[in-house]
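Here is the structure we will look at, set down as structure tokens.
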Amino acid sequence: MKEIKINLSYKVWISIILVAVLAIAGLTWIRFAITGNHRILDGIVSGCMVIPTFLIVEYIYRRTRLVINDYSLTVRTQEEWVVQFEGVDSFYVDKYKGKPYIGIRYKDNTEEAITEEEIAKNRKQRSKAALQGYPYEIYVRGLSKTPQEICDLLNSRLS
């Protein structure tokens, strides 16, 4: 089977760019109101070009979040981590504080295998870590596919 890449949704980036443009326009208007400077258009144009350009470059560089191949899943967060399918029993969709995630149930004979209660107990600590959710949860908000579609893809790759 071929490798599947799941990217961050373009809708997320459009929202970020619109918020950045509105914030810059608002700050420029405040500066104009306080200083009386009539070069407001220069500030708006330069501000509206710099931040969205940076965000577009960042989108192109970091848009792929999940890479699924025949043997593993690579999760690209602040730091990259890998889930080997040979040790996974199943994947499931759930939510924690309104954030959808895909949970990972490991086989009993693997090092990562612990009970659901222990996973829930340590969830808060994992959601704040650099490796968000590692190694039991994959947060999937704002991706180009729905959590259920991703879960179905992952479960189809299990032996």
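Quick note: residue numbers are just sequence positions, from 1. Quantities reported herein were computed from a predicted structural model and do not represent experimental measurements. The figures here come from the full heavy-atom set of this structure, side chains too, leaving out hydrogens, waters and symmetry mates.
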Is there a donor-acceptor contact under 3.5 Å from the side chain of R157 to the main chain of N69?
yes
I need the R65 CZ to S9 OG distance, nearest 0.5 Å.
11.5 Å
What are the two closest non-hydrogen atoms of P100 and K95, and how far apart are they?
CA-CG, 4.0 Å
Close side-chain approach of V75 to V82, heavy-atom, < 4.5 Å:
no
Out of curiosity, I68 CD1 to T74 OG1, how far, rounded to the nearest 0.5 Å?
9.5 Å
Provide the closest heavy-atom pair for S90 versus L158 in the form atom of the first, atom of the second, distance.
CA-CD1, 3.7 Å
Hey, could you give me the SG/NZ distance between C151 and K145, rounded to the nearest 0.5 Å?
13.5 Å
When you group the ILVMFWY residues by side-chain heavy-atom contacts below 4.5 Å and let the links chain together, are Y139 and V67 in the same group?
no
Under 4.5 Å between any side-chain heavy atoms of D94 and Y101, yes or no?
yes
Taking the six-membered ring of Y92, is NZ or CZ of R105 closer than 6.0 Å to its centre and within 45° of its axis?
yes
Which heavy atom of E86 sits nearest a heavy atom of K107, and at what distance?
O-NZ, 3.2 Å
Could you check whether any side-chain heavy atom of F85 comes within less than 4.5 Å of a side-chain heavy atom of L154, counting everything from C-beta outward?
yes
Candidates I138, I6, N7 - the one meeting side chain to side chain contact (heavy atoms under 4.5 Å, CB included) with L143:
I6
Taking the side chain from D89 and the backbone from Y106, do they hold a donor-acceptor pair closer than 3.5 Å?
no
